[in-house]
Number of protein chains: 2
Amino acid sequence: MPSVPDVRLSPTSYVVLGMIALRGPSTPYDLKRAVGHSVGYFWHFPHAQLYSEPERLTDAGLLTCESETSGRRRKTYSITPEGRAALEAWIAEPSDSHFQIRDPAELKLFFNEVGNPDDVTRLAGQQIARHEERIALYEGMVERFGPDPADNPRLITLELGLEVEYATLRFWRALAAGDLAGLRKRRDLLDGPDVPDGTDTRPDQA
Amino acid sequence: MPSVPDVRLSPTSYVVLGMIALRGPSTPYDLKRAVGHSVGYFWHFPHAQLYSEPERLTDAGLLTCESETSGRRRKTYSITPEGRAALEAWIAEPSDSHFQIRDPAELKLFFNEVGNPDDVTRLAGQQIARHEERIALYEGMVERFGPDPADNPRLITLELGLEVEYATLRFWRALAAGDLAGLRKRRDLLDGPDVPDGTDTRPDQA
DNA sequence: GGACGCACCGTCCCGCTCGGACGGTCCGAG
DNA sequence: CTCGGACCGTCCGAGCGGGACGGTGCGTCC
């Protein structure tokens, strides 16, 4: 196996690698569309990177590139055994970091003290609408593929997306209704009132 | 009111503005710590930006800067009326974008087909532990401040964080147990089995 | 059937982001 | 006084982000 120049593989790298592994040889534009209606829903990747990243990965020996000569300039990338190995290694290795939720609305909520109170109400209304829309979208997808995740393993991720969307929706509805206590109560109903496990990680100062 | 050179205000900008609005005059290091045990939990901001961003904002007239002369070089930033106005305007204005969940684990799950099946099991186990830890941390914070969000409006955001953490935890537990159907069932129990509202946004191709 | 219009596709650019390395500062212990 | 370690600030280089721009192919209309 030829030695691979060490490159930093970012999440973007793995998305490219993964998409090509799942779909077979692809052009950047293929990737753009594939990402756009799958992982793109919860993690946005700007399209320009889907052009530059495969180049990097080709240099690193994880992809090979075939340029079309006639007509529209177009490059088709395929995954190499090294690429597949790198992808599998990443999947198998323990995850390094906790998730991030990048939600401007959440920031606005946090800083709501400086605005005026009914900003929060408006914000909540907006978020409710937004998340309802998302849920309808996701539910539609589930419906079109059948509810059984065995049919399409990629749909498992959709289920996670739905769970999070519903949770967020519940939160904003409770906030709009001024009933956060009810939210907590319903949560306990599902999970039991006790904190799960509780390693004694001490929360730090706030 | 002096005219303000137009600058792009990013979420980072508003975090800086917001933190200074809430806390009063602060040094970048103050901001770093304040962010670190609040918004930093769900949206990571690299510390270097908390030094450079206030500079930008000062140029834009949204902050003022006072340098300490003696001892350690240190700059204390305060918010100007223009800064506060910009912040309030942002809070009031409708949110532009949907949240993003940047979770490497979610990506790994999506690409699980290419790895081997028990990678998923290991992943689930890891995530369960990770989220339980987080929940314990957050619950600890809630406890220290009392459960009544009226006591501290900043804690409302914590409640959202908890809701999302619990949802995610439920998902990974269900996945580990091989019972995603049960997950869906419990969700219906909370929200009713019907898709909320459903604007007829058609899901696109998959 | 040439000219036009528009969707499709690829590239470039520039400012910001990111994380880590590095260096200075303060304070307590030895 | 000196040393060490926590505290604090700056710098740098690679990567990200998103929008502008330009080319390509195809259908349409005169």
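Each chain gets a letter, A, B and so on, in the order its sequence line appears, and its residues count up from 1. All values derive from a computational prediction rather than experimental measurement.
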Quick one: is [N] close enough that its OP1 or OP2 comes under 4.0 Å of any side-chain N or O from [X]?
{"X": "B:S10", "N": "C:dT17", "result": "yes"}
{"X": "B:R8", "N": "C:dC16", "result": "no"}
{"X": "B:T12", "N": "C:dT17", "result": "yes"}
{"X": "B:Y51", "N": "D:dT10", "result": "no"}

**Report entry** Sequence neighbours excluded, every pair satisfying ring-ring contact (aromatic ring centres under 6.0 Å, His included) that has a member inside residues 93-123 of chain A
**Finding:** A:H98-B:H131, A:F99-B:H131
For [X], answer base if it contacts any base atom (sugar-phosphate contacts may also be present), sugar-phosphate if it contacts only those atoms, and nothing otherwise; contact means non-hydrogen atoms under 4.0 Å.
{"X": "B:E53", "answer": "sugar-phosphate"}
{"X": "B:H44", "answer": "sugar-phosphate"}
{"X": "B:S52", "answer": "nothing"}
{"X": "A:R33", "answer": "nothing"}

[X] [atom1] to [N] [atom2]: how many Å, rounded?
{"X": "B:L50", "N": "D:dC11", "atom1": "CG", "atom2": "P", "answer": "16 Å"}
{"X": "B:L9", "N": "C:dG15", "atom1": "CG", "atom2": "C1'", "answer": "14 Å"}
{"X": "B:R74", "N": "D:dC7", "atom1": "CZ", "atom2": "P", "answer": "13 Å"}
{"X": "B:K32", "N": "C:dG20", "atom1": "NZ", "atom2": "C1'", "answer": "12 Å"}
{"X": "B:Q49", "N": "D:dC12", "atom1": "CD", "atom2": "C1'", "answer": "14 Å"}
{"X": "B:Q100", "N": "D:dC16", "atom1": "CD", "atom2": "P", "answer": "14 Å"}
{"X": "A:D30", "N": "C:dC9", "atom1": "CG", "atom2": "P", "answer": "8 Å"}
{"X": "A:L57", "N": "D:dA14", "atom1": "CG", "atom2": "P", "answer": "17 Å"}

Query raised in the report: When you check the gap from the basic side-chain N to the acidic O, do A:R187 and B:E159 get nearer than 4.0 Å?
Result: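 Looking at A:R187 and B:E159, the cut-off is met.
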**Report entry** A:E133 with A:R130: basic N within carboxylate O range, under 4.0 Å
**Finding:** no
Query raised in the report: How far apart are the closest heavy atoms of B:R173 and B:E132, and which atoms are they?
Result: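 Heavy atoms of B:R173 and B:E132 come nearest at NH1-OE2, 2.6 Å.
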Query raised in the report: Can you tell which of A:W43, A:F42, A:Y41 makes a ring-ring contact (aromatic ring centres under 6.0 Å, His included) with A:F45?
Result: A:W43
If you only use heavy atoms from C-beta on, which nucleotide in [options] is closest to the side chain of [X]?
{"X": "B:K75", "options": "C:dG19, D:dT10, C:dC9", "result": "D:dT10"}
{"X": "B:Y29", "options": "C:dC9, D:dC7, C:dG20", "result": "D:dC7"}
{"X": "A:H47", "options": "D:dA20, C:dT17, C:dC9", "result": "D:dA20"}

Requested in this report: Please lay out, stage by stage, how A:I91 and B:N112 fare under the test side-chain contact (heavy atoms from CB on, under 4.5 Å).
Outcome: CA-CA 7 Å; A:I91 291 177; B:N112 74 81; 5.5 Å; no
Requested in this report: Report the end-to-end axis angle of the helix from C:dG1-D:dC30 to C:dG30-D:dC1; each axis comes from five terminal pairs, and the value is rounded to 10°.
Outcome: 10°
Query - Donor-acceptor contact present, side-chain A:S26 to main-chain A:G24, <3.5 Å - result: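 Between the backbone of A:G24 and the side chain of A:S26 there is a qualifying donor-acceptor contact (under 3.5 Å).
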Requested in this report: Return yes if a side-chain donor-acceptor contact under 3.5 Å exists between B:E53 and B:T12, otherwise no.
Outcome: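 No, B:T12 and B:E53 have no side-chain donor paired with an acceptor closer than 3.5 Å.
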